[in-house]
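Please read the structure below before turning to the comments.
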Amino acid sequence: MRALFALLLVCVGGLMSSPGWTQDATPPDVRMIFDVSGSMKANDPANLRASALQLAAALLPSQARGSVWTFGTQVRNPLPDGKVDAEWRRRARSLSPQLVDYQQFTDIEQALREASQAAGGKRHVILLTDGMVDLPGSGEVKRKRDAASRETLIASLAPELATQDVVVHTIALSRNVDRDLLERVSQSTDGLAAVAETPEELLRAFLDVLERIVPSDRVPLEDGRFDIDPEVDGFNALLFHDQDAPGATLVGPDGERYTRDDHPDDILWQSMPRYDLIR
């Protein structure tokens, strides 16, 4: 089947580099927050959040810092802040079961507070949710609590985070999401607000956010071919495809063919249901 998205090539040197970040600059601090409220059972039944997390873990530069958070009624931190290295990536890949450990409510305010509160320089928070502020309670008391928390997010917390150099990027995974809330929080903190109503759009939204955090050089794909300058030490090839598509094949200039199951040891090939990442 045809690929859903074009092949994206991120040129790298010995380590991940980009025009927007160099090894002499402060490494990015990325904090990913995943909604695990019960409605996610319907809006993300295949747990595409896990694929998005693995994509982020694979593409974050090795000098970055990263952490993973989940929230519903409670906020949890299954992968604490740490340097992105082989062990961090391994732990991130193991978190899939915790993204389906569903809770009843959706406390967005507390999730943002806890994930962003640790001291640091510029912090990028990626918030993925399918809903709106939904706190425990019933009747008029609950309605007032929900409204008060929403207002706090917009009028108080978002501006406060902006002064602390915290950038909040939001990804809405449902037509029922409070898009106005997410967009206003992102705009207040100079973040990116994206809407993903399909699995493909979710992965693409995560990629767009990562590109905002760590801009990367790209090369064009023309008729299935691309050129890499001889001075480049290596590159990442990211190929989005249909879930049941046949395995991807790369063909070198000398005609040598490389696949997921047949490639040299110096090629890292991560194959997921909807994308292949080849480094």
Side-chain angles (χ1 to χ4, degrees), residues 1-20 30 32 44 46-62 64 66 84 86 89-90 92-93 95-96 126 128 171 173 192 194-230 232-279:
M1 294 187 178
R2 297 182 61 188
L4 294 172
F5 299 117
L7 185 67
L8 167 68
L9 295 159
V10 185
C11 298
V12 299
L15 295 170
M16 184 80 75
S17 62
S18 74
V30 182
M32 293 170 278
D44 186 20
N47 194 16
L48 261 292
R49 288 160 294 164
S51 293
L53 172 57
Q54 295 198 29
L55 177 64
L59 291 180
L60 283 175
S62 296
V84 176
R89 298 181 203 276
R90 184 196 67 76
R93 289 194 296 269
L95 293 181
S96 180
I126 305 174
L128 186 148
I171 300 176
L173 186 63
L192 179 68
V195 178
E197 295 184 2
T198 67
E200 296 79 21
E201 290 175 352
L202 171 58
L203 293 175
R204 185 69 191 202
F206 245 86
L207 183 62
D208 289 344
V209 169
L210 292 174
E211 181 70 11
R212 173 73 70 89
I213 298 172
V214 189
S216 303
D217 294 327
R218 300 185 183 187
V219 297
L221 177 71
E222 299 177 350
D223 298 325
R225 297 174 179 270
F226 55 90
D227 292 323
I228 299 296
D229 189 284
V232 173
D233 294 331
F235 66 87
N236 290 336
L238 179 59
L239 177 63
F240 291 101
H241 52 69
D242 291 331
Q243 189 167 4
D244 54 353
T249 300
L250 286 187
V251 183
D254 57 359
E256 187 75 18
R257 301 177 71 85
Y258 307 97
T259 67
R260 176 187 62 186
D261 301 318
D262 185 12
H263 58 267
D265 291 339
D266 61 349
I267 294 180
L268 300 178
W269 196 304
Q270 180 179 349
S271 185
M272 299 295 292
R274 293 185 182 274
Y275 70 84
D276 279 29
L277 177 62
I278 307 155
R279 180 172 300 181

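Only this structure's heavy atoms are used, side chains among them; waters, hydrogens and symmetry mates stay out.
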Could you tell me the separation between the [atom1] atom of [X] and the [atom2] atom of [Y], rounded to the nearest 0.5 Å?
| X | Y | atom1 | atom2 | value |
| --- | --- | --- | --- | --- |
| F235 | I228 | CZ | CD1 | 5.0 Å |
| N236 | L277 | CG | CG | 5.5 Å |
| L203 | L48 | CG | CG | 5.5 Å |
| E197 | L202 | CD | CG | 12.0 Å |
| L59 | Q54 | CG | CD | 11.5 Å |

What's the shortest heavy-atom distance between [X] and [Y], and which atoms?
| X | Y | result |
| --- | --- | --- |
| A248 | W269 | O-CZ2, 3.6 Å |
| Y275 | S51 | OH-O, 3.3 Å |
| I171 | A196 | CG2-CB, 4.2 Å |
| R279 | A58 | NH2-O, 2.6 Å |
| L53 | A92 | CD2-O, 3.5 Å |
| L210 | A56 | CD1-CA, 3.6 Å |

Set of side chain to side chain contact (heavy atoms under 4.5 Å, CB included) partners for N47, sequence neighbours left out: D44, R49, A50, S96, L99, V100

Set of residues satisfying side chain to side chain contact (heavy atoms under 4.5 Å, CB included) with respect to V84, sequence neighbours excluded: L60, A64, W88, R89

SB check R204 D208 (cutoff 4.0 Å):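 Answer for the salt bridge query: yes.
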
Expected output: side-chain E211 to main-chain L207 donor-acceptor under 3.5 Å: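 Side chain of E211 to backbone of L207, a donor-acceptor pair under 3.5 Å: no, none is there.
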
Test item: I126 and I213 side chains (from C-beta on) under 4.5 Å apart, heavy atoms: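 Touching, per the 4.5 Å side-chain cut-off.
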
Check: D229 and V219 side chains under 4.5 Å, non-hydrogen atoms: no

Can you give the donor-acceptor pairs under 3.5 Å from side chains of residues 254-262 to other protein atoms, not counting sequence neighbours?
from : atom 1 : to   : atom 2 : distance (Å)
D254 : OD1    : E256 : N      : 3.0
T259 : OG1    : D261 : N      : 3.4
T259 : OG1    : D262 : N      : 3.1

